[in-house]
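In what follows, a structure is listed as structure tokens, so that the remarks can point back to it.
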Amino acid sequence: MITIHGYSPSGNCHKLRMLLGHLGRVEGRDYRWIETDSAHGATRTPEYLAKNPNGRVPMIETGDGRILVESNAILYWLAEGTAYFAGDTWQRAQTLSWMFFEQYSHEPYVAVARFICGWTPLDSPRRADLPRLRERGHQALAVMEKHLSAHDWFGATGYGIADIALYAYTHCAEEGGIALAAYPALRAWLGRIESQPGFVPMPPIAAENAERIARSL
């Protein structure tokens, strides 16, 4: 069994729940989830930092005490040898390419805009960044839309960890003020993911965060 230290509203953490939901159905994978509220300092304690000096979630611990951090690295490790990271060397590299895109060109804008809207005070100076973040977020979604206009999935062999990585923050992009109405292929792709056997939806966010989002849009 593995232990996941994760914060439920985090897309980076939810990626792991999604993949394990699929693997649990197919392979009986089991795990223990420890809710770790990174928004309120739970990743800055001496105990947590001793295991993960970067002080972020998610983090997993294996039964023999090994630790792995960074959401997409964890996806790769969990999916190795399964249909969710399949194909030859070239096809697997294509999957990794989209996962790097997610962390470099997508998450820093789509996820951060959502965080600022829902997890910072309404008078936070960080809110001045929202127009730029939303613009860059739309640029990332436009790249995805172009790909999805010709392909069903981001993995070369079908649905897999590249789709899971990109789904995590795309499906809630509107919580950061990044509307999805202009991306029909992307919205159809979200629907295909949500119809996959073993799909796990993200838990609802807390009322205080939902209220901030409503007042930020």
Nearest non-hydrogen partners of Leu122 and Arg215, listed with the distance: CD1-CZ, 3.2 Å
Cluster overlap Met202 with Leu180, hydrophobic side-chain contacts below 4.5 Å: no
Below 4.5 Å, heavy atoms only, C-beta onward: do Ile164 and Tyr159 meet side chain to side chain? yes
Side chain to side chain, Leu49 and Thr45, heavy atoms closer than 4.5 Å: no
Which donor-acceptor pairs under 3.5 Å do side chains of residues 51-60 form with protein atoms, sequence neighbours excluded?
residue : atom : partner : partner atom : Å
Lys51   : NZ   : Glu61   : OE1          : 3.3
Lys51   : NZ   : Glu61   : OE2          : 3.2
Asn52   : OD1  : Asn54   : N            : 3.2
Asn52   : ND2  : Arg56   : O            : 2.9

Using the rule that two of Ile, Leu, Val, Met, Phe, Trp, Tyr join whenever any of their side-chain heavy atoms come within less than 4.5 Å, decide whether Val200 and Ile4 are in one cluster. no
Is it true that Asp64 and Thr62 share a donor-acceptor pair across their side chains at a distance under 3.5 Å? yes
Same hydrophobic cluster for Ile205 and Ile178, using side-chain heavy-atom links shorter than 4.5 Å among ILVMFWY? no
Tell me, do Gln103 and Asn12 make a side-chain contact under 4.5 Å, heavy atoms counted? yes
Just so I know, are the side chains of Asn72 and Glu102 near enough to count as touching, which here means a heavy-atom distance under 4.5 Å? yes
So Arg136 and Gln139, do their side chains get closer than 4.5 Å, heavy atoms only? yes
For Pro9 and Glu35, the nearest pair of non-hydrogen atoms, with its separation, is CD-OE2, 4.3 Å
Residue Glu145 excluded, over 12 heavy atoms near CD under 6.0 Å: yes
So, using side chain to side chain donor-acceptor pair (under 3.5 Å) as the criterion, who are the partners of Glu80 when residues are at least two apart? Arg92
Are Ser105 and Phe100 packed together at the side-chain level, in the sense that at least one heavy-atom pair is separated by less than 4.5 angstrom? no
Judged by atom type as modelled, is there a donor-acceptor pair below 3.5 Å linking the side chain of Asn209 to the main-chain atoms of Trp119? no
Going by the rule ring pair (Phe, Tyr, Trp, His ring centres under 6.0 Å), which residues pair with Phe85 if we only count those two or more places apart in sequence or in a different chain? Tyr76
For a quick check under 3.5 Å, do His14 and Tyr7 share a side-chain donor-acceptor pair by atom type? no
Hydrogens and angles aside, do Thr170 and His106 bring a side-chain donor and acceptor to less than 3.5 Å of each other? yes
Would you say the side chains of Tyr109 and His138 form a donor-acceptor pair under 3.5 Å? no
Considering all heavy atoms, the nearest Ala165-Lys15 contact: O-CE, 3.6 Å
Hydrophobic clusters here meaning ILVMFWY residues chained together by side-chain heavy-atom distances under 4.5 Å, can you tell me if Leu75 and Tyr84 are in one? yes
So Val143 and Lys146, side-chain contact (heavy atoms from CB on, under 4.5 Å) or not? Walk me through it. CA-CA 5 Å; Val143 172; Lys146 183 175 181 180; 6.0 Å; no
Group every Ile, Leu, Val, Met, Phe, Trp and Tyr by side-chain heavy-atom contacts under 4.5 Å, then state whether Trp33 and Leu68 land in the same group. yes
Looking just at side-chain N and O atoms, do Arg17 and Ser8 make a donor-acceptor pair shorter than 3.5 Å? yes
Ring centres under 6.0 Å, that's the criterion: do Trp98 and His147 meet it? yes
Is there side-chain contact between Leu20 and Ile2, with at least one heavy-atom pair below 4.5 Å? yes
Mind checking whether Phe154 and Trp189 have ring centres under 6.0 Å apart? yes
Kindly say whether the aromatic ring centers of Phe115 and Tyr169 come within a distance under 6.0 Å. no
Compare all side-chain heavy atoms of Cys172 with those of Glu175 and state whether any distance is below 4.5 angstrom. yes
Under 3.5 Å: donor-acceptor pair, side chain of Ser124, backbone of Pro121: no
List the atom of Cys117, the atom of Arg134, and the distance in Å for their closest heavy-atom pair. SG-NH2, 3.4 Å
With no hydrogens and no angle check, just 3.5 Å: does a side-chain donor-acceptor pair link Ser216 and Arg127? yes
Check the pair Phe199, Tyr167 against ring-ring contact (aromatic ring centres under 6.0 Å, His included), reporting the backbone distance first and the verdict last. CA-CA 12 Å; Phe199 170 77; Tyr167 174 90; 5.7 Å; yes
Could you tell me whether Arg114 and Glu107 make a salt bridge, using a distance below 4.0 angstrom between a side-chain N and a carboxylate O? no
